[in-house]
Chemist: 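Supplied in structure tokens, the structure appears directly below.
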Amino acid sequence: MADDGRDPARQGEDPPDVFAARRQKLAALREAGVEPFPYGFGGVEPIDMVRAAHANLEVGEETDCAHRVAGRLAARRGQGGMAFLDLVDRSGSLQLQARVDELGAERMRLLLELDLGDLVGVDGLALRSRRGELTLRVTDFELLAKSLRPPPDKHHGLTDTETRLRHREADLLANEHTRAVFITRARMVSAIRRYLDAEGFIEVETPILQPLYGGAAARPFITHHNALDRDLYLRIAPELYLKRLLVGGLERVYEIGRLFRNEGLSPKHNPEFTSIEYYEAYADYLDVADRLEALMRQVTAEIGYEGPLDFQRPWHRETLAGAIRQRTGVDIGANRERDELARAMRAAGLQVPETDSWPQLVDELVSKHVEPTLIQPTLLFDYPIEISPLAKRHRSEEGLVERFEAFMAGMEIANAFSELNDPDDQRQRFEQQRVLAAGGDEEAQPYDEAYIEALEYGMPPAGGIGFGIDRLAMILTGQRTIREVVLFPAMRD
RNA sequence: GCCGGCGUAGCUCAGUUGGCAGAGCAGCGGACUUUUAAUCCGAAGCGCCUGGGUUCGAGUCCCAGCGCCGGCACCA
């Protein structure tokens with residue numbers, strides 16, 4: 001067990017030798033007047049800059065170019081008059097050469113007595129070793145922070161999933177791949193921001209603690225405000241607040257932030273996750289679709305995406321009903337009642353969950369038979385009005401709304417529509433949701449009067465979209481589970 | 001919530017039909033001035049997830065619990 005409360009090193013009683021040895025070294029350092037936790041180390045260069053400065057250095061060539069670097073001691077080779085050490089910082093790793101004829105016997109001994117995992121600052125001269133490795137010959141060094149806990153195996157790294165997730169710091173310091181995934185995620189998010197900022201969108205923040213939740217079909221977390229003595233909900237979506245900003249004239253807004261949905265965990269689901277939603281006045285869902293493609297083209301180019309998905313070509317587009325009909329033979333448009341759709345599904349040889357409503361059967365068809373087939377980026381258009389209470393009625397198709405969802409790698413990643421801006425129609429939709437809620441649907445959207453009032457001021461026609469940052473990060477970094485792109489995913493206690 | 005797999009040293013992993021709990025790395029002592037999973041010599045380190053049970057004897061078999069993983073359910 002990684003964290004069973006009995007780990008003696010965490011309890012400070014009778015520690016095993018590997019821990020005790022570090023404690024003893026710490027005490028010895030203080031005894032010798034060395035501060036094991038100094039305050040800083042100025043003038044440090046990132047390791048990749050040092051590498052770049054000497055990219056053309058010949059094998060065996062030495063220079064008198066001085067560099068100052070800092071990082072974690074990751075490996076050590078040699079114990080005699082010369083030793084090699086590997087130093088790792090956020091940008092890479094660099095070999096250090098320690099020589100007794102450079103440092104003197106005492107400094108050499110102190111350098112070699114450092115533990116793997118210690119944080120060290122180094123001054124040295126660049127050279128390329130006989131084996132072709134860029135190396136810094138250490139002229140001086142300083143302990144920057146003593147490590148009291150042995151790092152994971154230098155070769156095998158840390159592989160135990162539970163330890164990696166519960167102690168992500170250990171995962172990050174041991175596994176370069178983990179660092180790369182989260183750096184890519186961060187670059188992806190900043191590329192999204194750059195795209196939207198350049199297009200005249202402004203980033204906003206709306207309430208996470210909400211008196212009424214809405215904007216998605218999901219069960220919320222409930223919390224309590226003591227001073228107000230009332231329950232509040234952690235938001236399941238920012239949608240309704242963002243559209244109120246369209247009413248207010250902000251016209252192009254986006255929000256990146258955490259959402260909370262009180263559902264089970266899975267490789268695709270974490271109870272808190274990051275979404276982005278953006279809304280654009282005077283656009284419809286077709287404009288949103290085009291912009292999504294443009295956004296993803298730019299983001300994947302900026303992060304240097306080289307995976308199996310093709311974001312450069314126009315995405316595959318089909319209608320929801322067409323996608324279902326093509327893959328199952330079931331026509332949801334011709335079977336608008338629950339029982340007749342169930343009959344059609346049975347006739348097609350499909351399982352029909354007995355308690356499912358019409359919308360749930362549609363969802364069943366999509367998630368079981370369509371979604372897994374959508375590997376390359378695909379947009380499915382025109383959803384039934386029953387499952388889309390915030391989307392505008394289709395301009396030409398009865399019973400549908402102007403809505404699309406984006407799929408890739410067999411996952412749903414985005415949901416967009418022409419936004420419903422007719423307050424009377426919106427009121428009716430909420431009423432229908434009320435009926436569903438009365439029928440026991442825990443995920444029906446609550447009636448939001450403040451939102452209706454906002455629409456009554458007049459909301460411009462607009463297109464909007466929301467998508468999951470985590471799922472996109474999974475796809476762009478090639479990870480199979482959401483836990484690998486969330487730094488500290490939800491775990492049992 | 002249900003079903004299945006897994007849990008052994010700081011890390012990575014062996015452990016035979018039930019018979020004294022192991023290796024590599026890391027750590028400790030020593031040798032070594034161009035190594036990069038450094039090498040060599042020496043001496044250490046494991047309440048085997050927790051709690052019961054069967055047995056002369058349990059890491060191993062049985063039961064329960066906890067955690068992780070995978071699937072189902074729920075869904076996003």
Chemist: Within the structure shown, what part of the strands sits under 4.0 Å from A/Arg164 by heavy-atom distance: base, sugar-phosphate, or nothing?
Modeler: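 Result for A/Arg164 = nothing.
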Chemist: If you look only at distance, which donor and acceptor atoms sit under 3.5 Å apart when one is on a side chain in residues 168-176 of chain A and the other is two or more places apart or in another chain?
Modeler:
| unit_1 | atom_1 | unit_2 | atom_2 | d |
| --- | --- | --- | --- | --- |
| A/Arg168 | NE | A/Leu487 | O | 2.7 |
| A/Arg168 | NH1 | A/Asp171 | OD2 | 2.8 |
| A/Arg168 | NH2 | A/Arg483 | O | 2.7 |
| A/Arg168 | NH2 | A/Val486 | O | 2.7 |
| A/Glu169 | OE2 | A/His167 | ND1 | 3.3 |
| A/Asp171 | OD1 | A/Arg164 | NE | 3.0 |
| A/Asp171 | OD1 | A/Asn175 | ND2 | 2.7 |
| A/Asp171 | OD1 | A/Thr178 | OG1 | 3.0 |
| A/Asp171 | OD2 | A/Arg164 | NE | 3.4 |
| A/Asp171 | OD2 | A/Arg164 | NH2 | 3.3 |
| A/Asp171 | OD2 | A/Thr178 | OG1 | 3.3 |
| A/Asn175 | OD1 | A/Leu158 | N | 3.4 |
| A/Asn175 | ND2 | A/Leu158 | O | 2.9 |

Chemist: Take atom P in B/U60 and the same atom in B/G45, then report the distance between them in whole Å.
Modeler: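 About 23 Å, rounded to a whole number of Å.
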Chemist: Within the 4.0 Å heavy-atom criterion, would you say A/Arg76 contacts the bases, only the backbone, or no part of the nucleic acid?
Modeler: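 Here A/Arg76 touches the backbone only, sparing every base.
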Chemist: Between A/Ser357 and A/Gln360, is any side-chain donor less than 3.5 angstrom from a side-chain acceptor?
Modeler: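 The criterion, which ignores hydrogens and geometry beyond distance, is satisfied for A/Gln360 and A/Ser357.
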Chemist: By a strict heavy-atom criterion of less than 4.0 Å, which residues belonging to residues 46-66 of chain A are in contact with RNA chain B?
Modeler: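 Under 4.0 Å from RNA chain B: A/Glu62.
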Chemist: Which base sits across from B/C72 as a Watson-Crick or G-U pair, both distances under 3.5 Å?
Modeler: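 B/C72 is paired with B/G1.
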Chemist: Taking atom P in both B/U16 and B/G22, what distance in whole Å separates the two?
Modeler: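 Comparing P positions in B/U16 and B/G22 gives a spacing of 14 Å.
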Chemist: Using only atom types and a distance under 3.5 Å, with no angle test, would you say the side chain of A/Arg76 pairs donor to acceptor with the backbone of A/Leu114?
Modeler: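 Here the side-chain-to-backbone pair exists.
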Chemist: Hey, does A/Leu165 reach any base, or is it just sugar-phosphate, or nothing, if we go heavy atoms under 4.0 Å?
Modeler: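 Counting heavy atoms under 4.0 Å across all strands, the contact made by A/Leu165 is with sugar-phosphate only.
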Chemist: Is there a side-chain polar atom (N or O) of A/Arg492 under 4.0 Å from OP1 or OP2 of B/C66?
Modeler: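 No.
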Chemist: Base, sugar-phosphate or nothing for A/Gly468? Non-hydrogen atoms, less than 4.0 Å.
Modeler: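 Answer is nothing: A/Gly468 stays at 4.0 Å or more from every strand.
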Chemist: Do the side-chain N or O atoms of A/Thr159 get closer than 4.0 angstrom to the phosphate oxygens (OP1, OP2) of B/C13?
Modeler: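 Yes, within the criterion.
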Chemist: Under the side-chain hydrogen bond (donor to acceptor under 3.5 Å, both in side chains) test, which residues partner A/Arg130, sequence neighbours left out?
Modeler: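 None.
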Chemist: How would you label the contact of A/Ser129 with the nucleic acid (heavy atoms, under 4.0 Å): base, sugar-phosphate, or nothing?
Modeler: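 If one applies the 4.0 Å heavy-atom cut-off, A/Ser129 turns out to touch a base.
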Chemist: Does anything in residues 87-111 of chain A reach RNA chain B, meaning a heavy atom under 4.0 Å, and if so which residues?
Modeler: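 Listed by number, they are A/Gln95, A/Gln97, A/Arg99, A/Val100, A/Asp101.
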Chemist: Can you name the residues that form a side-chain hydrogen bond (donor to acceptor under 3.5 Å, both in side chains) with A/Asp363, not counting sequence neighbours?
Modeler: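 Scan of A/Asp363 (side-chain hydrogen bond (donor to acceptor under 3.5 Å, both in side chains), adjacent residues dropped) gives none.
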Chemist: Expressed as a whole number of Å, how far does the P atom of B/A73 sit from that of B/A37?
Modeler: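 About 47 Å, rounded to a whole number of Å.
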Chemist: Expressed in whole Å, how much space separates the P atoms belonging to B/U50 and B/C11?
Modeler: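 It comes out at 15 Å once rounded to the nearest Å.
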Chemist: For a quick check under 3.5 Å, do A/Glu280 and A/Tyr278 share a side-chain donor-acceptor pair by atom type?
Modeler: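 Looking only at side-chain atoms, A/Tyr278 and A/Glu280 do not form any donor-acceptor pair under 3.5 Å.
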Chemist: Please encode protein proximity along nucleotides 71-76 of chain B as a string of B, S and -, counting only heavy-atom distances under 4.0 Å.
Modeler: S-SSBB
Chemist: Would the base of B/G24 count as contacting A/Asp153 through its side chain, where contact means a donor and an acceptor less than 3.5 Å apart?
Modeler: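 Flag set: donor-acceptor pair detected.
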Chemist: Give me the distance, rounded to whole Å, that separates B/C46 from B/A23 when you measure between the P atoms they each carry.
Modeler: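 Going atom to atom, P in each nucleotide, I get 12 Å.
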Chemist: Can we say A/Arg128 and A/Glu58 salt-bridge, meaning some charged N sits less than 4.0 Å from an Asp/Glu carboxylate O?
Modeler: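 Result for this pair is no, no salt bridge flagged.
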Chemist: Once you apply the 3.5 Å cut-off to both distances, tell me the Watson-Crick or G-U wobble partner of B/C48, or none.
Modeler: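 Its partner is none (no Watson-Crick or G-U wobble pair with both distances under 3.5 Å).
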Chemist: Rounded to whole angstrom, note down the C1' distance from B/G27 over to B/U33.
Modeler: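 Roughly 25 Å separates the two C1' atoms.
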